[in-house]
Every structure is written in structure tokens, then in C-alpha cells.
Trainee: 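My questions all concern the structure below.
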Number of protein chains: 2
Amino acid sequence: MAESSEPPSSPRESARQSVTLQDIAAHAGVSRSTVSLVLRESPLVADSTRTRVQASIKALGYVYNRGAAALRASHTFTLGVVVYDIANPFFGAMVAGIDSVLHRENYVSFLANSEDSPGRQQRFLERMREQRVDGLLLCPAEGTDPALLTQLMDWNMPCVQVLRHIGTPPFDYAGTDFELGVRQAVDHLVALGHRRIVFLGGEAEHSATRARHQGYHDAMHAQGLGEVLGIVRGPVTRRAGFEGIQTLMQETPRPTAVICHNDLMALGAMLGLQRLGLIPGEDCAIIGTDDIEEAALSLPPLTSVATHPFSIGEEAARLAMRRIANPGGAREQVILTPRLQVRHSCDPIPAHGEALYRRYPHATLDA
Amino acid sequence: MAESSEPPSSPRESARQSVTLQDIAAHAGVSRSTVSLVLRESPLVADSTRTRVQASIKALGYVYNRGAAALRASHTFTLGVVVYDIANPFFGAMVAGIDSVLHRENYVSFLANSEDSPGRQQRFLERMREQRVDGLLLCPAEGTDPALLTQLMDWNMPCVQVLRHIGTPPFDYAGTDFELGVRQAVDHLVALGHRRIVFLGGEAEHSATRARHQGYHDAMHAQGLGEVLGIVRGPVTRRAGFEGIQTLMQETPRPTAVICHNDLMALGAMLGLQRLGLIPGEDCAIIGTDDIEEAALSLPPLTSVATHPFSIGEEAARLAMRRIANPGGAREQVILTPRLQVRHSCDPIPAHGEALYRRYPHATLDA
DNA sequence: TCTCATATTTGGATCAATCCAAAACGAGGC
DNA sequence: GCCTCGTTTTGGATTGATCCAAATATGAGA
């Protein structure tokens with residue numbers, strides 16, 4: 001129906017169907033099998049043969065058919081990647097890290113954005129199974145049933161969890177030490193003289209949140225501030241930061257410092273302070289998590305726990321490569337060390353005159 | 001070698017190789033062909049048969065093999081997507097838009113980050129051909145040879161260009177009206193009383209830059225400001241904005257307003273002003289392009305030409321679906337209309353006392 | 001020159017689906 | 001009871017590579 005009589009515009013020799021191994025073999029005077037070996041860069045074939053075959057491949061304009069190869073071979077050189085919010089620049093950087101490693105390894109990846117919906121995630125994973133991908137990189141959607149891991153094992157599908165994890169060890173995982181990160185933030189604030197330190201964000205539904213809350217709890221206790229204030233649970237969006245801090249600032253006594261679940265929240269929180277006519281750093285210190293690029297550009301520049309998304313992506317991809325090469329090997333957890341990137345959102349600014357921020361009482365998230 | 005004697009942990013019946021159409025057929029008492037028709041939701045099969053077959057499929061735990069299907073069928077329900085900077089939140093949003101459409105259409109996509117390298121892009125495209133993807137969504141890397149389009153036609157590979165385009169029409173394209181966007185920015189500034197308006201950024205190596213420059217040129221002439229100032233070409237990164245504006249501010253007479261190629265540059269430019277002790281809006285108005293999420297969060301909130309990346313992604317994906325369904329159809333260009341999102345980076349702030357921004361003379365991109 | 005080990009090459013079976021032309025079925029009409 | 005026509009179903013050919021065991025070529029040493 002949609003089949004025109006002729007391939008519209010190719011004066012070349014794509015006229016016939018398509019060139020196959022068989023054609024190359026005939027042209028080069030060898031067998032199909034030998035051509036196949038050349039394509040796969042097998043050391044078995046003699047140099048002279050290899051050269052001849054390669055010439056034929058070029059001459060006939062051969063195109064390798066991965067689908068056909070995959071039918072028989074055990075690998076597809078293909079990976080599935082699931083993130084839950086690709087619009088978040090943190091994940092953009094992470095995907096860039098993944099891509100850089102896969103490119104070197106001659107792998108290619110399917111990407112899906114689960115939007116934190118376990119159903120959507122599940123559909124994609126099933127599709128990946130149908131595509132016979134060699135493995136998965138998975139940032140599990142919030143609320144994912146831990147049984148998913150068992151399912152993937154049943155499927156015999158290597159899976160590296162990234163950033164968040166579900167189920168119980170051992171599993172493959174690449175992420176950062178969130179507990180340490182929060183501890184660094186708390187210690188930094190305490191050193192600056194803060195005691196009323198709140199942790200803002202997270203619903204405790206997944207590991208990355210639990211780890212942060214645990215880190216906060218432990219660090220506060222270690223500093224002898226255990227019960228001074230606490231954790232405010234909630235979503236982790238800009239808006240949640242914007243609104244959350246405004247609520248916090250109405251409490252008495254006020255907190256003097258807030259550590260945010262991620263930079264998006266922290267940037268929202270700074271805007272929220274401004275909305276109240278307060279000054280980030282002076283009226284309330286703010287620390288974010290992730291150190292996305294934007295963090296350096298806010299006013300004041302945001303102090304943030306750098307979690308190195310690009311590196312996490314690289315490590316996750318490398319781990320997946322190792323697991324694919326050795327499916328039975330011991331599971332690994334690659335935990336990067338975060339680093340507190342100190343900027344100016346905790347500086348007590350020497351007050352002189354009207355606070356500049358108060359010039360923008362109209363600051364909102366939408367305008 | 002890496003083959004353990006037993007699939008490690010599946011008490012289920014994945015014990016044997018894998019379930020094929022043949023097995024389903026036997027179980028349901030029909031032929032292979034019928035099962036295939038059921039899988040493809042053909043209206044040919046009788047309801048009773050369909051039900052029976054579906055039951056068998058479920059009972060045996062069948063997994064569709066896309067590789068095998070692709071070998072014979074004309075479609076793979078697979079797409080290749082190439083962007084040049086996935087870490088840029090603009091592209092994150094665009095990819096999210098693409099993903100949302102593809103998900104509805106039961107398509108799945110390979111993603112590559114070309115890093116604006118034509119070589120890397122070419123490698124990926126060849127790989128996509130090997131994978132027999134049904135089509136491509138391509139944001140061409142800077143410096144891509146226009147002959148690429150001819151090559152893709154030779155390959156018989158549908159391709160929708162996004163945001164940038166190479167070659168000459170007709171081709172499929174989805175993007176925004178950059179010329180109009182810049183015109184809106186210029187007109188807005190002129191209405192505020194500005195005359196010394198500079199356009200900052202772009203190397204004129206690709207369509208999206210040329211269109212912006214053209215739009216600037218036309219709008220300035222329409223306003224009778226043709227030769228007042230001009231375009232400063234260069235890279236389009238945050239750093240370029242940061243440094244570019246500092247150079248501009250040392251010229252005499254200074255520009256009073258700067259329109260930036262994208263928001264990243266604009267955010268960098270605002271920081272650059274602060275570094276000089278100048279105030280965005282008051283000492284120099286700034287307008288960005290894209291209206292990424294961060295734009296609302298800067299201080300002052302950035303006025304920006306909204307280009308709706310999510311919608312562009314959706315439109316591009318929909319166009320690709322149409323082209324795949326009808327390869328011979330007339331090429332389409334889907335051009336969205338940008339909208340000037342006015343915030344406060346052009347407000348002449350009533351001066352009172354020391355400018356708050358001057359409190360952060362240490363503002364840099366790295367700290 | 002013959003043997004034996006090593007280095008190359010090969011053909012047939014196989015992977016798991018789709019395509020297609022033809023066969024089987026079932027219900028009306030004559 | 002036979003014929004026709006539309007609806008379902010089917011078997012065989014086909015897609016294009018890899019796997020594997022066996023065949024052949026090559027070279028060194030006796």
C-alpha cells in the first residue's frame with residue numbers, strides 16, 4: 001500500500017533488495033562464515049583475507065543487519081536506560097556520562113523517562129526485554145515494587161540501579177554517599193555557628209531519601225543537636241522549596257539554616273526567602289544537593305553538596321559493561337564521594353542598608 | 001564459558017530455552033501464523049481464537065522477539081534521536097516531549113548525545129541504520145555537511161530535523177520561529193526606551209543562529225536602529241555570556257540592552273554584570289531565549305523568549321510518526337510561535353542606595 | 001617426503017518471527 | 001445438494017546473520 005514501485009531517489013545500487021553476507025562472500029571469493037568473522041573482527045582470519053573481504057564490503061556498500069545478528073548471537077550491544085525526570089538537568093548530565101562510556105564501548109542505548117510512574121516504567125522494561133537488550137540502567141520510579149528486582153533476575157536481565165535502589169543487597173548500584181553529603185552540610189553549618197538546622201524535602205519512599213534523612217539525623221546527633229529541629233517531608237520540586245521555606249520562616253523560633261534535598265528545591269527556597277523579603281545567607285543559610293550547573297549562577301551563588309552526575313553516569317555504565325561481560329560476578333556498589341561546594345548562600349552578609357533582595361518582592365515561580 | 005549450567009534463580013518455567021510462536025501455536029491448537037496475527041492485533045482472527053491464543057501466551061510466559069520480527073517486517077517501532085547537548089535543560093525538556101509521544105505510539109527510542117561533533121553523529125547514524133530504525137529525529141551537530149540529507153535519502157531513512165536544519169527545503173522540520181522571537185525581544189526593548197541593543201552569541205554556522213541574526217537585523221532596521229550596534233558572534237555557553245558581557249560593558253558608549261542567544265548565556269551575562277558591580281535591568285537590560293525553568297529563578301527573574309521545548313519535542317515526534325506512516329508524503333515544517341515571557345531583567349530598578357548585586361563581586365562561574 | 005600441530009576456512013543447521021498465496025470453513029441462495 | 005462468497009486459518013518460503021563441528025591449508029620438524 002505505502003509501497004511505491006521504486007526506491008524513490010537512489011541512482012546508486014540500492015536498487016535491489018539489500019546486500020547480504022552472501023553477496024560479500026561471492027564478491028570476495030570466500031564463504032559467508034568468513035565474512036561474518038571479519039565483521040566481528042575475529043583474530044582467526046588471515047590478514048590477506050581480511051583485507052580482501054573488507055574491500056568487498058566497501059565496494060558493495062554493505063550494511064550490517066543487527067536484527068539478524070541478534071537473532072542468533074547472545075549480545076545485542078544495546079542497553080536500556082530509565083530515568084524518572086530527564087528534564088531535570090541533573091539527569092541530563094548523568095545521561096551524558098552514560099552516553100560517553102557507551103559510545104566508547106560501541107553500545108547504543110534506549111532511553112525512557114518514567115515520570116516516576118511504576119506502570120510506565122514496567123511497560124518500558126518489558127519492551128526492553130522484547131528488544132533483547134544486554135542490560136539495564138535503572139533509576140527506579142518512586143513506589144516501585146521491590147519484587148521488580150526478582151523479576152529482572154528471572155528474566156536473566158543484568159540491571160544496574162542508579163542513584164536510588166530498591167530491594168535488598170546484593171545488587172549492582174552506582175550512586176553517591178548521600179549520608180556523607182548531608183553530614184558535610186551539617187558540619188559546615190555548625191562550624192558557621194548554626195544550631196537550628198532543618199532538612200527540607202523527601203517523602204522517604206526510596207533509598208536516596210532515606211539515606212539523606214539518616215545522614216541528617218546522625219550528623220545532628222553527633223553534633224549534639226539531635227532534637228533541636230527536624231525533617232520536613234514533602235515533594236522535591238522547585239515549588240516545594242519555594243513554599244516550604246515560607247512555611248518554615250513563619251515558625252517561631254525560626255530555623256537559621258536549611259539543607260535541601262536537591263538544588264532545585266534550594267533555588268526555589270532562595271526565591272521563597274526573597275518573596276518574604278528575607279535574604280538567603282543573612283536571614284537563613286541555604287545548602288542544596290547535586291551542584292547542578294545553575295547552582296553557580298544563582299544570587300547568591302548556592303552552596304551545594306556536589307554529587308557529580310556525569311561521573312555517576314559513567315560509573316554506572318562501566319559497571320553495566322562489567323556485569324554483561326561477567327553475569328555471574330559478585331554484585332558491586334560504586335559509591336562516589338560527594339564534596340561540599342562552598343559558595344555564598346551561607347554567608348552572613350554584613351548588613352548595610354536595604355537588602356537588595358527586597359527589591360523583588362514580586363518574585364514567584366511563574367513570573 | 002560465562003554460561004552457568006542453570007539459569008541461576010528461576011523456579012519458574014524459563015528453564016528451557018525460550019517460548020516461541022511455535023510453542024504457543026501447539027498449546028492453543030492453532031498455527032504459527034495465527035498466533036502471529038493475534039500478536040499483531042490483526043482484525044482477521046476470530047474473537048474466540050484470539051481469546052484462546054492470548055490465554056496460551058499468558059500461560060506459557062511468552063516474550064515477543066522484536067529482533068526476529070524486524071528481520072521480516074518492514075517496521076521496527078524504533079527511532080533514533082540525536083541531540084548535541086543533553087545536559088542542557090532545554091534538550092532535557094525536548095526529549096521529555098519526544099518520549100511522551102513515542103510512549104503513546106508504542107515506539108521506543110535510541111538516544112545519542114553528539115556533543116556537536118559531526119563525526120560522532122555520523123557514527124551513531126550509521127549504527128541506527130544497522131539497527132533498522134524506522135526514522136530519525138535529528139538536531140544536527142554544528143558543522144554537519146548538508147550532504148548528510150542526501151545520504152539519508154539514499155538510505156531511505158525518514159528524518160525529521162529539529163530546532164536546527166541543514167540542506168535546502170523541502171525537508172521535514174520542527175522548530176520555533178526564531179526570527180519572530182528576536183523581533184519580539186527587540187520591540188519590547190525599544191518600547192522600554194532602549195536604542196543601543198546588542199545581540200550576543202552564535203557563530204552563524206547553522207540555521208538556528210542565522211535565523212536569530214536575521215531576526216535581529218530586520219527588527220532593528222524596522223525600528224530605524226539598523227546600524228546603531230550589532231551582533232557579537234561567539235559560542236553560546238554560560239561562560240561566553242559571562243565574559244562577553246564584560247567585554248561589551250567596557251565599550252563606549254555602552255549598550256543599554258543585550259539579547260542573548262539562549263538562557264544559559266543570559267544567566268551567565270547577568271552574573272557577568274554583577275561581577276562588574278553592575279545591575280541587570282538597571283545598568284543593562286537582559287533578555288534570554290528558550291525560557292528554561294531556571295529563568296524564573298534567577299535574580300532578577302529573566303525575561304526570555306519562550307520556545308517551548310517540550311512542545312517542539314512532541315511536534316517533532318508526531319511528524320516523524322506521520323512520515324513513517326507515509327514516506328512519500330509532502331515534507332512538512334512545523335514552526336511553533338514563541339512568546340515573550342516578561343519578567344524583571346529589563347526593569348529599570350528605582351535606584352536607592354548601594355546596589356545589592358555589588359555585594360557579590362566575587363561572583364564567578366566556578367565558585 | 002611424511003607427520004603432526006596449528007592456523008584458516010567452510011557448509012549446514014539454527015535463531016524466531018513475517019509474508020503470501022492458497023486452503024478450509026460456514027452461511028445463504030438457488 | 002451444490003455453488004458462491006466472505007471470513008479464518010494455514011504451511012512453506014523467507015529474512016540475514018551466528019554457531020559449531022568438521023574440512024582444509026600451512027609450516028615446522030623428523
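Predicted model, so just to flag it, every value in this text is computed and none were measured. In what follows, chains carry the letters A, B, and so on, assigned in the order in which the sequence lines appear, proteins first and then strands, with residues in each chain numbered from 1. Side chains included, hydrogens not; waters and symmetry mates left out as well; all remaining heavy atoms used.
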Trainee: Side chains of S114(A) and S117(A): is there a donor and an acceptor less than 3.5 Å apart?
Mentor: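 Note: S114(A) and S117(A) side chains miss the donor-acceptor criterion.
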
Trainee: Provide the closest heavy-atom pair for R164(B) versus D116(B) in the form atom of the first, atom of the second, distance.
Mentor: NH1-OD1, 3.1 Å

Trainee: Between the side chains of Q333(A) and Q161(A), is a donor N or O closer than 3.5 angstrom to an acceptor N or O?
Mentor: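 Side-chain D/A pair, Q333(A) to Q161(A): absent.
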
Trainee: Looking only at side-chain atoms of N65(A), point me to the closest of dA13(D), dC20(D), dA17(D).
Mentor: dA17(D)

Trainee: Salt bridge check, E126(A) against R129(A): does any charged N sit closer than 4.0 Å to a carboxylate O?
Mentor: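 A salt bridge is absent here (no side-chain N lies under 4.0 Å from a carboxylate O).
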
Trainee: Nearest whole angstrom, please: distance from the P of dT10(D) to the CG of L37(B).
Mentor: 10 Å

Trainee: If you measure only the distance, is there a donor-acceptor pair under 3.5 Å linking the side chains of T144(B) and Q121(B)?
Mentor: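 The answer is yes; a qualifying pair exists.
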
Trainee: Output the residues of residues 42-51 of chain A in contact with DNA chain C, where contact means a heavy atom of the residue under 4.0 Å from an atom of the strand; sort by number or write none.
Mentor: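 Correct list: L44(A), V45(A), A46(A), T49(A).
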
Trainee: For R50(A) and Q54(A), does a side-chain donor sit closer than 3.5 Å to a side-chain acceptor?
Mentor: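 On atom types as modelled, these side chains do not qualify, holding no pair under 3.5 Å.
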
Trainee: Can you list, in residue-number order, the parts of residues 66-73 of chain B that come under 4.0 Å of DNA chain C, counting heavy atoms only?
Mentor: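 Result for residues 66-73 of chain B: A68(B), A69(B), R72(B), A73(B), sorted by number.
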
Trainee: Round to the nearest Å and state the distance from L60(A) atom CG to dG16(D) atom P.
Mentor: 14 Å

Trainee: Round to a whole Å and report the spacing from CD of Q22(A) to C1' of dG11(C).
Mentor: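 After rounding, the gap between these two atoms is 10 Å.
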
Trainee: Answer yes if the side chains of R123(A) and N106(B) hold a donor-acceptor pair under 3.5 Å, and no otherwise.
Mentor: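 Yes, a side-chain donor-acceptor pair sits under 3.5 Å.
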
Trainee: Distance check: side-chain N/O of S31(B) vs OP1/OP2 of dT10(D), anything under 4.0 Å?
Mentor: yes

Trainee: OP1, OP2 of dT8(D) versus side-chain N and O of T34(B): anything below 4.0 Å?
Mentor: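 So the side chain of T34(B) is outside the cut-off, no N or O lying under 4.0 Å from OP1 or OP2 of dT8(D).
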
Trainee: Can a side chain N or O of R32(A) be found less than 4.0 Å away from OP1 or OP2 on dG12(C)?
Mentor: no

Trainee: Just the rounded figure in Å: distance from C1' of dA17(C) to CZ of F77(B).
Mentor: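 To the nearest whole Å, that distance equals 14 Å.
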
Trainee: Please report, rounded to the nearest Å, how far the P atom of dA16(C) is from the CD atom of E130(A).
Mentor: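 Whole-Å distance recorded here is 15 Å.
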
Trainee: For a salt bridge (Lys or Arg N to Asp or Glu O under 4.0 Å) check, start with the C-alpha distance between D99(A) and R120(B), then their side-chain angles and the critical distance, and finish with the verdict.
Mentor: CA-CA 11 Å; D99(A) 192 79; R120(B) 192 159 161 178; 2.6 Å; yes

Trainee: Just how far, in rounded Å, is C1' of dA16(C) from CD1 of I24(B)?
Mentor: 12 Å

Trainee: Between Y84(B) and F91(B), does the ring centroid distance fall short of 6.0 Å?
Mentor: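 Yes; F91(B) has its ring centre under 6.0 Å from that of Y84(B).
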
Trainee: Whole angstrom is fine here: how far is it from CG in L21(A) over to P in dG12(C)?
Mentor: 17 Å

Trainee: For L39(A) and R52(B), find the nucleotide of DNA chain D closest to each by heavy atoms; which residue's nucleotide sits nearer the 5' end?
Mentor: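 This one resolves to R52(B).
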
Trainee: When you measure from the side-chain N and O atoms of S33(A) to the phosphate of dC19(D), is any distance below 4.0 Å, counting only OP1 and OP2?
Mentor: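 Result: no.
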
Trainee: Rounded to whole Å, please give me the gap between OH in Y62(B) and C1' in dA16(C).
Mentor: 7 Å

